[in-house]
Participant: 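Below: one structure in structure tokens.
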Number of protein chains: 2
Amino acid sequence: MLTQTFNAPAIKTQIGGKIAPAHPVSDQFGAIAGHVGLVATEFSYRKEEEIYGEDESAEYVYQVVTGAVRSYKLLSDGRRQIGSFHLPGDVFGLESGTTHRLAAEAIIDTTVRLVKRASLEKAAATDVQVARKLWAMTAGELRHAEDHMLLLGRKTAMERVATFLLEMDRRLAVAGMMALPMCRRDIGDYLGLTLETVSRALSQLHAQGILGFSGARHIVLRNRARLHNLDA
Amino acid sequence: MLTQTFNAPAIKTQIGGKIAPAHPVSDQFGAIAGHVGLVATEFSYRKEEEIYGEDESAEYVYQVVTGAVRSYKLLSDGRRQIGSFHLPGDVFGLESGTTHRLAAEAIIDTTVRLVKRASLEKAAATDVQVARKLWAMTAGELRHAEDHMLLLGRKTAMERVATFLLEMDRRLAVAGMMALPMCRRDIGDYLGLTLETVSRALSQLHAQGILGFSGARHIVLRNRARLHNLDA
DNA sequence: CGTGTTCTTGAATTCAGTCAAACGGTGTGG
DNA sequence: CCACACCGTTTGACTGAATTCAAGAACACG
């Protein structure tokens, strides 16, 4: 039944277990799955592969092990709004209701751990600690969405790009360098801009010496203070 | 202690109790407060009065009885993004963490019912049904935020105003007429537009016969189908 | 080492914003 | 009860930030 829902390679089943996100964070999945002794299945998606569609039944909850995922909504004419990027360690696809409110795709080759939503619900029905944790995770997503509404509704192009860089720096920088998994179009669709506007803003920051490039997707922040100033 | 946190008139305490929203909806507050037998206090705010500030400690959870409330974030230079409007029946100010992520103000004279967050937490710690309900309410807010990100990031001015009208029609229309409690600036700050752009869009819809006015804030939708078409 | 994709840059356009003035509805005081 | 004043709204004219359209350049990949 798994193989019908997912058409992908090797499946590896395990209990609990640790993953290694870029920065040490409380392993939210472990805090649930491990705690309750749920079986977590490991699964892989290729670059650009769909993980689930908008309004699709929410069978599983996911955690990125390696790779990167985008969650988005589409308008009928194809305009896209990416609500968030999911990086190693992040949980995504968690729903309180029965359907996914956004679609999810692998940006690059990605491995996830997943557990059945039903089993989490069941654990939450008896264990108040689990219920509390699920609420806290949804509340965390809400916080991000609220911050992002401010960005989309009121910030300038340069402020949006500055916010994005600081967010990615915090979430995936290793040794001061960040390797962006997503293209300029993805960044634009996350920030409510066109890819050209994103590119121009990055070029301007480069010209001002605020950041350095090693190829378009490897960025070093050279002056976080000035970037903070540009971020309203 | 209540009188120190809130500087307002008559306080009326009661247990559970029903309120009458514009449309019959499951009384979310009752579903918790009533169920657990929590004491709900009634309280009033005058037009433009602050209910709580951004990053303020979340002491209480609120439900609008009569009136209307706006939740918003500010940038340092005063730019404002309203995340949502709270109308009779709506619960607001519910946090999983300890602080309010947005500020809240009464748009017009408003009466709310409120319960201590701590007492809800306590109820949730022993009653899984309560915990489930709190999660569902936060998830409902997240759904709205996700829809609103799409609007703010990707919709045109006319599409935003059309979406707004359909939302308000659904939430507060009585006998086909909606009495908007908020001014054009509030609508603009909700939709990521200026008040002038909102006004122009409304005038255009009026000229096309899609809506009728009875004073600037009383609107009748005359053609919901065409409004839906304008909403991407 | 090509080849296709992604990214950058330029030029022209456009949608919404800004600034400014007039209008109108509401509430108050004469 | 009417006149006035004030605030919110509408409308107009102009501006400007971001988009669109269009080449080229750089990069990743086989």
Side-chain angles (χ1 to χ4, degrees), chain A residues 46-48 68 70 75 77-81 107-109 151-165 179-208 211-219 230 232, chain B residues 46-48 68 70 75 77-81 107-109 151-165 179-208 211-219 230 232:
Chain A
R46 279 151 304 180
K47 182 170 149 67
E48 305 292 291
R70 56 183 173 243
L75 292 175
D77 63 358
R79 279 173 289 173
R80 182 179 64 160
Q81 180 61 46
I107 297 173
I108 54 179
D109 290 350
L151 177 148
L152 294 171
R154 288 301 180 218
K155 291 189 182 180
T156 66
M158 184 55 82
E159 288 166 350
R160 294 178 203 209
V161 171
T163 304
F164 170 78
L165 288 170
L180 297 176
M182 73 290 285
C183 65
R184 297 291 187 264
R185 178 174 296 279
D186 286 342
I187 299 172
D189 285 351
Y190 179 58
L191 299 179
L193 300 171
T194 60
L195 66 93
E196 293 94 331
T197 300
V198 172
S199 179
R200 278 184 244 272
L202 290 173
S203 295
Q204 200 180 322
L205 292 171
H206 185 223
Q208 293 173 227
L211 59 80
F213 281 113
S214 302
R217 298 202 190 174
H218 288 78
I219 296 178
L230 292 177
Chain B
R46 279 151 304 178
K47 183 170 146 69
E48 305 291 289
R70 56 184 174 241
L75 292 176
D77 63 358
R79 279 173 288 172
R80 181 179 66 161
Q81 180 61 45
I107 297 174
I108 54 179
D109 289 353
L151 177 149
L152 293 171
R154 287 302 178 217
K155 291 189 182 179
T156 66
M158 185 54 83
E159 289 165 350
R160 293 178 202 209
V161 171
T163 303
F164 171 77
L165 288 170
L180 298 176
M182 73 290 284
C183 65
R184 297 293 186 264
R185 179 176 296 280
D186 286 342
I187 299 172
D189 285 351
Y190 179 58
L191 300 179
L193 300 171
T194 60
L195 66 94
E196 292 94 333
T197 299
V198 172
S199 180
R200 279 184 244 273
L202 290 173
S203 294
Q204 202 181 318
L205 292 171
H206 185 224
Q208 293 173 227
L211 59 80
F213 279 113
S214 301
R217 298 204 191 173
H218 287 79
I219 296 179
L230 292 177

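Just so we're on the same page: letters track the sequence lines, and every chain starts at 1.
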Participant: Have a look at B:Leu195 and say if it touches a base, only the backbone sugar-phosphate, or nothing, with a 4.0 Å heavy-atom cut-off.
Facilitator: base
Participant: Considering heavy-atom distances to DNA chain D, does A:Gly192 or A:Ser214 have its closest nucleotide positioned more toward the 5' end?
Facilitator: A:Gly192
Participant: Under the 3.5 Å rule, do the base of D:dT20 and the side chain of A:Arg200 count as making a donor-acceptor pair?
Facilitator: yes
Participant: Heavy atoms from C-beta onward define the side chain here; which of D:dA18, C:dA16, D:dT10 lies closest to that of B:Ala157?
Facilitator: C:dA16
Participant: Mind calculating the distance between CZ (A:Arg184) and P (C:dT8) to the nearest angstrom?
Facilitator: 4 Å
Participant: Below the 4.0 Å mark, does D:dA18 have OP1 or OP2 next to a side-chain nitrogen or oxygen of A:Thr194?
Facilitator: no
Participant: Please give, in whole Å, the distance from C:dC7 P to A:Asp189 CG?
Facilitator: 12 Å
Participant: For A:Tyr190, is there any backbone N or O sitting under 3.5 Å from a side-chain donor or acceptor partner on A:Gln81?
Facilitator: yes
Participant: Take atom CZ of B:Arg185 and atom C1' of D:dG8, then tell me their distance rounded to the nearest Å.
Facilitator: 10 Å
Participant: Under 4.0 Å, heavy atoms only, any strand: does B:Arg217 hit a base, just the sugar-phosphate, or nothing?
Facilitator: sugar-phosphate
Participant: Check every strand shown and say whether A:Gly188 touches a base, only sugar-phosphate, or nothing at a heavy-atom separation below 4.0 Å.
Facilitator: nothing
Participant: Any sub-3.5 Å donor-acceptor pair from A:Arg79's side-chain atoms to B:Arg154's backbone N or O?
Facilitator: yes
Participant: Rounded to the Å, how far apart are A:Leu202 CG and C:dT6 P?
Facilitator: 17 Å
Participant: Would one find more than 12 heavy atoms of other residues, nucleotides or ligands at under 6.0 Å from atom CZ of A:Arg185?
Facilitator: no
Participant: Could you tell me the separation between the CZ atom of A:Phe213 and the P atom of C:dT9, rounded to a whole number of Å?
Facilitator: 9 Å
Participant: Without swapping roles, check the side chain of A:Arg70 against the backbone of A:Met182 for a donor-acceptor pair under 3.5 Å.
Facilitator: no
Participant: Send over the distance from B:His206 NE2 to D:dT9 C1', rounded to a whole Å.
Facilitator: 14 Å
Participant: Return the nearest nucleotide to the side chain of B:Thr197; candidates are D:dG8, D:dA18, C:dG17.
Facilitator: C:dG17
Participant: Take the protein atom NZ of A:Lys155 and the nucleotide atom C1' of D:dA17, then report the distance between them rounded to whole Å.
Facilitator: 18 Å
Participant: Just to be sure I understand the rule, does B:Ser203 reach a base, reach only the sugar-phosphate, or reach nothing, if contact means heavy atoms closer than 4.0 Å?
Facilitator: sugar-phosphate
Participant: Under the 3.5 angstrom rule, does the side chain of B:Ser199 hit a backbone N or O of B:Leu195 as a donor-acceptor pair?
Facilitator: no
Participant: Within this structure, what is the CD-to-P distance between A:Glu196 and D:dA17, rounded to whole angstrom?
Facilitator: 18 Å
